[in-house]
*Asks:* 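Handing you this structure, nothing more for now.
Lettering follows sequence order; numbering is per chain, from 1. Below, all heavy atoms of this structure are taken into account, side chains as well, without hydrogens, waters or symmetry copies.
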There are 2 protein chains.
Amino acid sequence: MPVELTPSQALGLWHTVSLEQVRVDGRDLTLRQMAILLQIYLVPPPHTVRGLAATLGVTKPVITRALDSMGALGLVDRARDDRDRRNVVIKRTVDGALYLEKFGDLIIDQGRKQPK
Amino acid sequence: MPVELTPSQALGLWHTVSLEQVRVDGRDLTLRQMAILLQIYLVPPPHTVRGLAATLGVTKPVITRALDSMGALGLVDRARDDRDRRNVVIKRTVDGALYLEKFGDLIIDQGRKQPK
DNA sequence: AAAAAAAGAAACGCTTGCGTAACGGTGCGC
DNA sequence: GCGCACCGTTACGCAAGCGTTTCTTTTTTT
């Protein structure tokens with residue numbers, strides 16, 4: 001069952017969620033970082049730097065840096081792949097899952113507030 | 001009629017929209033800039049720097065700079081208020097309206113693709 | 001008319017992200 | 001074993017955003 005939105009609802013939802021996120025969350029992830037984070041948590045592992053770069057359509061250093069930043073925030077973790085030690089597998093964290101859970105609740109709440 | 005979303009749909013929607021936006025749009029507005037832009041276009045005017053700063057919970061220079069950046073992109077415009085020449089009224093532009101219209105379509109499209 | 005207040009912009013130093021290019025560690029074909 | 005391709009990271013110079021403070025202009029207050 002898809003999500004059916006009117007233009008007004010679509011932009012209104014984005015508006016109120018963004019607004020609330022700006023007001024409440026000091027972390028202020030960039031759109032790219034948010035896309036990476038969601039990719040890691042919503043798509044089945046394993047995730048690699050190269051894979052994320054391809055999916056996002058960006059260069060590898062962009063991924064490395066985003067992982068640095070989000071790692072410092074405790075939202076993701078990294079570990080060498082033992083089967084191929086060139087690879088790095090990106091791992092989820094409890095804090096990251098909590099962060100996204102809270103964010104999902106925010107979206108749901110703001111969705112309920114959208115008028116027809 | 002509100003928008004009812006499951007947790008999976010909420011995050012999934014944000015995921016696919018962010019992903020597509022990263023892939024397609026080179027402009028890469030920050031979350032704050034996006035919140036400001038949506039505020040300007042979705043809430044009845046007039047909009048002032050001070051008002052936006054209060055709404056977003058940020059300082060005035062943040063708004064000024066965001067307006068500089070988005071003004072350079074043609075997404076918003078500024079004009080002195082003739083009734084109180086200390087104020088600057090933020091004005092919408094055709095390009096800005098088009099930009100948000102496209103963005104709204106993206107949200108709607110991705111919403112349709114969300115599984116139950 | 002003089003002083004205080006208000007709005008927005010500009011200046012300052014700092015932090016963070018970017019793209020490109022170069023770099024070490026690892027795996028694989030010969 | 002040796003060279004070569006691959007993966008992720010680091011280095012470099014640069015652009016953009018931030019918070020704080022200061023400034024200019026305009027309005028309001030007394």
*Asks:* When rounded to the nearest 0.5 angstrom, what is the spacing between CG in Leu56(A) and CD1 in Ile63(A)?
*Replies:*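 Output value for this atom pair is 4.5 Å.
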*Asks:* Report the distance from atom CZ of Arg32(A) to atom CG of Leu37(A), rounding to the nearest 0.5 Å.
*Replies:*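 Answer for the CZ-CG pair, Arg32(A) versus Leu37(A), is 15.5 Å.
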*Asks:* Between Thr30(B) and Met34(B), is the side chain to side chain contact (heavy atoms under 4.5 Å, CB included) condition met? List the steps.
*Replies:* CA-CA 6 Å; Thr30(B) 69; Met34(B) 189 52 109; over 6 Å; no
*Asks:* Output one letter per nucleotide in nucleotides 16-23 of chain D: B when a protein non-hydrogen atom lies under 4.0 Å from the base, S when only the sugar-phosphate is that close, - when neither is.
*Replies:* -SBBBB--
*Asks:* Given dG8(D), is OP1 or OP2 found less than 4.0 Å from the side-chain N or O atoms of Thr64(A)?
*Replies:*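 For dG8(D), OP1/OP2 do not have a side-chain N/O of Thr64(A) under 4.0 Å.
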*Asks:* I need the CD1-P distance between Ile36(B) and dG8(C), as an integer number of Å.
*Replies:* 13 Å
*Asks:* Rounded to the nearest 0.5 Å, what's the gap from CD on Gln33(A) to OG on Ser69(A)? Could you check?
*Replies:*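 It is 5.0 Å, given to the nearest 0.5 Å.
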*Asks:* Between Pro7(A) and Ile108(B), is any pair of side-chain heavy atoms under 4.5 Å apart?
*Replies:*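 In contact.
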*Asks:* Under 3.5 Å between N/O atoms: give me all the protein pairs with nucleotides 24-29 of chain D, atom names plus distance.
*Replies:*
from, atom 1, to, atom 2, distance (Å)
dT27(D), OP1, Arg85(B), N, 3.1

*Asks:* Going from NE2 on His47(B) to CG on Leu67(B), what distance comes out if it is rounded to the nearest 0.5 angstrom?
*Replies:*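 Taking NE2 in His47(B) and CG in Leu67(B), the distance rounds to 11.0 Å.
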*Asks:* When you check the side-chain N and O atoms of Thr16(B) and Gln114(B), is any donor under 3.5 Å from an acceptor?
*Replies:* yes
*Asks:* Between atom OH of Tyr99(A) and atom CG of Asp95(A), what is the distance when rounded to the nearest 0.5 Å?
*Replies:* 12.0 Å
*Asks:* If you fit an axis to the five pairs at each end of the helix from dA1(C)-dT30(D) to dC30(C)-dG1(D), how big is the angle between those two axes, to 10 degrees?
*Replies:*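 Computed angle between terminal axes is 10°.
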*Asks:* Near DNA chain D, which residues from residues 49-57 of chain A have a heavy atom under 4.0 Å away?
*Replies:*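 Nucleic-acid contacts, sorted: Val49(A), Arg50(A).
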*Asks:* Between dG17(C) atom P and Met34(A) atom CE, what is the distance in whole Å?
*Replies:* 14 Å
*Asks:* What is the distance from CG of Leu67(B) to P of dG8(C), rounded to the nearest Å?
*Replies:* 10 Å
*Asks:* Under the ring pair (Phe, Tyr, Trp, His ring centres under 6.0 Å) test, which residues partner Phe103(A), sequence neighbours left out?
*Replies:* Trp14(B)
*Asks:* Base, sugar-phosphate, or nothing for Arg80(A), non-hydrogen atoms under 4.0 angstrom?
*Replies:*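 If one applies the 4.0 Å heavy-atom cut-off, Arg80(A) turns out to touch nothing in the nucleic acid.
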*Asks:* Cut-off 3.5 Å, no hydrogens considered: what does the side-chain donor-acceptor table look like for residues 70-85 of chain B, sequence neighbours left out?
*Replies:*
from, atom 1, to, atom 2, distance (Å)
Arg78(B), NH2, Asp68(B), OD1, 2.3
Arg80(B), NH1, Arg85(B), O, 3.0
Arg80(B), NH1, Arg86(B), O, 2.9
Asp81(B), OD1, Arg83(B), N, 2.9
Asp82(B), OD1, Arg85(B), NH1, 3.3
Asp84(B), OD1, Arg86(B), N, 3.1
Asp84(B), OD1, Arg86(B), NE, 3.2
Asp84(B), OD2, Arg86(B), NH2, 3.0

*Asks:* Starting from P on dG8(C), measure out to CZ on Arg78(B) and report it in whole angstrom.
*Replies:* 10 Å
*Asks:* Nearest whole Å is fine: how far is dT10(D) P from Ile63(A) CD1?
*Replies:* 15 Å
*Asks:* Salt-bridged, Arg112(A) to Asp109(A), with N to O below 4.0 Å?
*Replies:*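 Here Arg112(A) pairs with Asp109(A) in a salt bridge, since their nearest N and O are under 4.0 Å apart.
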*Asks:* For Arg92(B), look at atom CZ and say whether over 12 heavy atoms of other residues, nucleotides or ligands are found less than 6.0 Å away.
*Replies:*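 Correct, the count exceeds 12.
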*Asks:* Locate the shortest heavy-atom distance separating Ala10(B) from Gly104(A); write the atom from each residue and the value.
*Replies:*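 Closest pair (atom of Ala10(B), atom of Gly104(A), distance): CB-O, 4.0 Å.
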*Asks:* Report the distance from atom CG of Leu31(B) to atom C1' of dT16(C), rounded to the nearest whole Å.
*Replies:*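 Distance check: Leu31(B) CG to dT16(C) C1' gives 16 Å.
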